[in-house]
Amino acid sequence: MALFSVFQTTFLLALLSLRTYQSEVLSEPLPWAPESLKVFINSTHQCLHLQWSVHNLAHHQELKMVFQIEISRIKTSNVIWVENYSTTVKWNQVLHWSWESKLPLECAKHFIRMRSAEDDAKTPEQSFWSNWSSWEEVDVQNSLGHDPLFVFPKDKLVEEGSNVTICYVSRSPQSNISCYLEGVQMQGEQLEPNVTVFNLNHVAFIRETGTNIYCKGDQGDSIKGIVLFVSKVLEEPKEFSCETQDLTTLNCTWDPGSDTGLLKQLSQSYTLFESFSGKKTLCKHKSWCSWEVAPESQEMYNFTLTAENYLRKRSVHLLFNLTHRVHPMAPFSVLFTDVSTTNATMTWKVHSTGNYYTLLCQVKLYGEGEVTQHNVSVEVDGEQLFSGLEPDTEYRAQVRCANANHFWKWSEWTHQNFTTAEAAPSEAPDVWRNVKSVQGHSVVTLFWKPLSKLQANGKILFYNIVIENLDRSSSSKFLSIPAPANGTELNLDQCSYQIHVTAHNSVGTSPASVIIVSGDPGNKEVEEERVKGTEDGFSLSWKPQPGNVTGYIVEWCDRPRGPLCDLQWKSVGPTTTSTVVSSDAFRPGVQYNFRIYGISTERVPYLLEKKTGYSQELAPSDNPQVVMSNLTSRSFTLSWKDYSIESQPSFIQGYHVYLKSKAGQCHSGSEKAVLSDDAVCCKYKIDNPKQKTFVVENLQPESFYEFLVTPYSSVGEGPHGAFTKVTTPDEYSPILIRVILPMVFCILLIMIICYLKSQWMKEKCYPDIPDPYKSSVLSLIKSKENPRLTIMNIKDCVPDSIEVLNKQEGTRKSLTETESSKPTYLYLLPTEESYSGPGPCICFENFTYNQAASDSASCGHVPVAPKAPPSQLALLTSPENLLKALEENYMNSLGEIPAGETSLNYVSQLASAMTGDKFSLPTNPPEPALCSEYKMQMAIPLGLASPPSSGSSSLSSFTLLDEGEHYH
Amino acid sequence: MKVLAAGVVPLLLVLHWKHGAGSPLPITPVNATCATRHPCHSNLMHQIRNQLAQLNGSANALFILYYTAQGEPFPNNLDKLCGPNVTDFPPFHANGTEKTRLVELYRIIAYLGASLGNITRDQKVLNPNALSLHSKLNATADIMRGLLSNVLCRLCNKYHVAHVDVAYGPDTSGKDVFQKKKLGCQLLGKYKQVIAVVAQAF
């Protein structure tokens, strides 16, 4: 440890002595000290440019020197930068050096000084520095003007992610200045009393138009600001490539990368420099540039692409041989010659790229889903023969070429289409028929399938049909059906016919398709089998036929529910006994029926088997319409005769009858079932789909039931829709109804009859006026044998009349009113002509008759309205008018007839002597409805009848009149 | 100088083709003859009023479009950044004679036309995507050109004034971007204020 201390002390002493020596040497000024130091300011770039010279250099002398430059900020002692700048100095040379300040130069004073030394490689440390030059002061603030506030740097352009220093210079230090970036106040640090700086780290790109940064004071000073432009980092061009199409122009392309996000004036430029020729061009576009190939056939090119903006420069290089970068232009003049049904020749031309260049051309032929490719070597013109083509087929040919010697890129494709010529159809049309017998004739609908494109070999123009009668060989018929028809209808008799069908195009005729329509339909009964379809179709198989069969045909309708059926068929060979029938038209839930025919060697089709099935069975969608009948207290019958099981979306296997009851008990033959709504009911199962009636038994009288009949199949049952409600009657009601109804009916009938024949009955049973001939009195008379006694005939009666008089009080009547006092006569007994049957009548006391049996109080009298005007009275001359008048006035007349105005005189024809006293007769009106009281009208000898009571007679005459109503 | 070449000089050439660019135009004595290239319409004053009304009607929208396009702090500091503090703006006296008013109108429109040219040029660089602003600026400049022509016709026909001294606003080409934005905003604020007074005066 002591040894180490001694060694260290010795070393330090040696070092100190060396420094002392150096100081002594430096005290002598160096002959090549920097002189005439000038400082220039570039505020925009925040740069200080130094310019100086070195004197005392000999003419043509070159001296390698190092200049040490010191930069201080604010004050000379605050050195912020020291840099040694080495260069070779010549005689009389002006030297330059630049320094970029992080801080805007306007924000603070700067001081610069420098010294120099000979840059000797042998002495790594410059031990012999010249004296420092004097400090050069740089003060930009002096030239700012008198504005109260300044913000720097102006319009600064920086890269995204870099650091920026901003400052403001305030002329009034006492004001409080705030600075904002995008509305957010920045925190700065005071550099000088009137200068504050803000350091923005990792600035982000915000927008192309720059970011406003502004400062404002709190004393109403104006706002000052700057715009900071932040650029995204300029990317290096990618995928730089050059090529030529014609060996005269090079087209260079590149990917410029992401945009720098600067205004157009600030965005990058691209320069293309070729080092061999030394040429340079400024590209007008961001991603490509054209370069004229040198006429002196320069083969090698070394390009430098430079992308440059204010902040960055990026370069990429590319060295290539021109002949290796030939991208031929697309071939042209593509033509087809000698186009036949199966062959064609294609020719094309290529653009010339020099006499010694050979092109490799690639030819592709597209047709009928196939692609064939050929490679052809071409110098000027290309040619390619296509063979094995299909007739009447459009092909698409395309060709492209590339440099055969140095492959660079294929040219663009050139396309051209051509169509081969037509040929006669190669196959006979596939023909099938549908035969219907109508009124002794056969209606044969002939169908054929259009030939495929490969079979038709051209456009089918028409179909020829030859119908040959096999029974009468001499008879044949010819039809021509224009395309695109695919069938025709023939009306044939019961003979057998051989039908030939051929298809024709513009070139020729197809082979004939022959089918026999037999006169004997031979529709044997074939049992229908069920098949199960899948999404792929129906898999059908049938038993092979023992005899010679030329093939089989499966026939079905694509739309069995449609009116046109859309008959389809499929032909298979004689050795095939199964096939899969598929069709896009097959729909789930539709029943399809298939018929399999065998084709005999005589080409006669005969039915072999029938199949039916669904491509997919669906649950029944509808329930049958059920009719209920035979409702008793214990049972009822359900029937759904109209339900068609053939039109259902699946094979109906039977029916379920659901019965809901309050009791919830299920009898034998049914089982309990829980419905989707958790309701419990009894379910009866009918296994036979053809059974469409069902008797629901074992019911309770006077009970409420609900039932539902729904079909079921292998995939489910029909919907559980609305149940039908039914209430059973009580047990006795039917019996009662059977008894009571007829009884009621009979009673009603009797009542109606009695009502209708009441008059007759009355007459027969209890007449109002007994028939005198039937009277028992007659027997008495007869027994006395008194021939004088006769029965009075009504014809013999002389009718009485009523004279109605208006008795006017003479003092109050005018002369004109006297006319109305004429008496009016009412004929009390109708004549035969005027009699109109029963009805209201007027009854008066007839003194002709004895009234021994009369009820004096009940005889009505005519209530003549006392106040009736004369005209009304005149109307009373007829019985109807009279009654009307009576009805109108009677009620009033009873109480309020003024006395002495009107009088009614009864004039009896038999007592005419009494008529002189007109006013002595009672004028009581009769009561029309009450007048039917019977009065004995038979003239009876006094001896037999009791004498009439005058009191009662008198009473009968005046009963209905008050005392005051009598006129005398 | 670029601004002069791009904005003001062509304007002067168009407006004062007979006398060359940039020369000040003194008021012609009343008795001096004056001629225009095209015949003037008989209803010049009506057209002038209509054009003034048109400018007055669109001035505020133009002002709003402008300061909105400049971004913060302009929309929220209109008084400090867009106040009508244009010192050398030509005066206008609404109570003067028609001739005086027309001469003053001529000076104002000439001043505004040149300034609008500068603003349009600056905004096409600084806000290349503000197409509606560009459109509005161009439309306003078009109306001003027509108005200037009509005013000159009126002055020439009725008052035999062929030359009017005009002054132009400051050249913004050497200014920093923020200052360009601010000067444009101030000018448009002043324009909005003045055009209302002028339109009312006619």
Side-chain angles (χ1 to χ4, degrees), chain A residues 43-46 104 106 144-145 147-158 166 168-169 175 177-186 206-231 259-267 310, chain B residues 2-3 5-7 63-87 118-135 137 170-190:
Chain A
S43 291
T44 307
H45 294 100
Q46 298 180 197
E106 295 87 348
L144 290 181
D147 285 357
L149 184 64
F150 300 91
V151 184
F152 297 103
K154 305 282 186 189
D155 304 339
K156 181 80 173 171
L157 173 62
V158 295
I166 294 166
Y168 72 77
V169 180
S175 69
I177 308 289
S178 304
C179 293
Y180 300 87
L181 167 66
E182 287 292 309
V184 178
Q185 188 171 356
M186 299 185 293
I206 296 177
R207 67 179 72 84
E208 180 188 1
T209 54
T211 306
N212 291 333
I213 298 172
Y214 59 97
C215 299
K216 59 181 179 182
D218 58 352
Q219 296 179 352
D221 300 333
S222 66
I223 292 177
K224 288 296 176 71
I226 60 169
V227 177
L228 178 67
F229 293 95
V230 180
S231 158
D259 189 39
T260 55
L262 283 176
L263 296 174
K264 190 179 176 184
Q265 291 72 17
L266 303 175
S267 64
Y310 284 94
Chain B
K2 280 184 178 176
V3 172
F63 182 54
I64 294 170
L65 265 179
Y66 182 89
Y67 69 67
T68 307
Q70 309 317 309
E72 205 48 46
F74 288 88
N76 291 320
N77 295 276
L78 292 179
D79 54 336
K80 292 177 181 173
L81 290 169
C82 304
N85 305 321
V86 185
T87 52
N118 290 337
I119 293 170
T120 307
R121 177 204 58 201
D122 290 342
Q123 289 303 309
K124 281 183 178 173
V125 174
L126 300 177
N127 284 303
N129 300 322
L131 300 181
S132 56
L133 174 62
H134 302 162
S135 168
L137 285 167
D171 177 19
T172 59
S173 62
K175 308 283 186 185
D176 63 86
V177 173
F178 195 88
Q179 193 68 3
K180 284 177 182 173
K181 292 179 176 181
K182 184 178 174 181
L183 287 174
C185 204
Q186 285 177 333
L187 189 279
L188 292 178
K190 182 72 177 179

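Throughout, a chain's letter reflects where its sequence line sits, starting with A, and its residues are numbered from 1. Keep in mind it's a predicted model, so treat the numbers as computed, not measured.
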Within 45° cone and under 6.0 Å: A:K154 NZ/CZ vs B:F178 ring:
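Geometry flag: not set, cation outside 6.0 Å or 45°.
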Contact winner vs chain A - B:D79, B:N85, B:N127, heavy-atom pairs under 4.5 Å:
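Looking at each option in turn, the highest pair count goes to B:N127.
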Relative to chain B, which segment of A:Y180 carries a heavy atom at a distance below 4.5 Å: side chain, backbone, both, or neither?
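No part of A:Y180 comes within 4.5 Å of chain B.
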A:E208 versus chain B, heavy atoms under 4.5 Å apart: side chain, backbone, both or neither?
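When you check distances to chain B, only side chain atoms of A:E208 fall under 4.5 Å.
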So, taking the atom named [atom1] in [X] and the one named [atom2] in [Y], what distance separates them when rounded to the nearest 0.5 Å?
X      : Y      : atom1 : atom2 : answer
A:Y168 : A:M186 : OH    : CE    : 10.0 Å
B:K182 : A:I223 : NZ    : CD1   : 8.0 Å
A:K224 : A:D147 : NZ    : CG    : 3.5 Å
B:I64  : B:L133 : CD1   : CG    : 12.5 Å

Donor-acceptor pair, side chain of B:K190 and main chain of B:V86, under 3.5 angstrom:
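Pair absent, no side-chain N/O of B:K190 close to backbone of B:V86.
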Compare every heavy atom of A:L157 with every heavy atom of A:S231, then report the nearest pair and how far apart it is.
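Taking A:S231 first and A:L157 second, the nearest heavy atoms are CB-CD1, 4.2 Å.
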Would you sort out whether B:R121 and B:T172 count as a side-chain hydrogen bond (donor to acceptor under 3.5 Å, both in side chains), showing the intermediate values?
CA-CA 10 Å; B:R121 177 204 58 201; B:T172 59; 3.0 Å; yes
Contact residues of residues 65-73 of chain B (partner chain A; heavy-atom separation under 4.5 angstrom):
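The stretch touches chain A at B:Q70, B:G71, B:E72, B:P73.
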Given a strict heavy-atom distance threshold of 4.5 Å, which part of B:N129 is in contact with chain A: side chain, backbone, both, or neither?
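Answer is side chain: those atoms of B:N129 sit under 4.5 Å from chain A.
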For chain B, which candidate among A:T209, A:D155, A:V227 shows the most heavy-atom pairs at distances under 4.5 Å?
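Going by pairs under 4.5 Å, I would pick A:D155.
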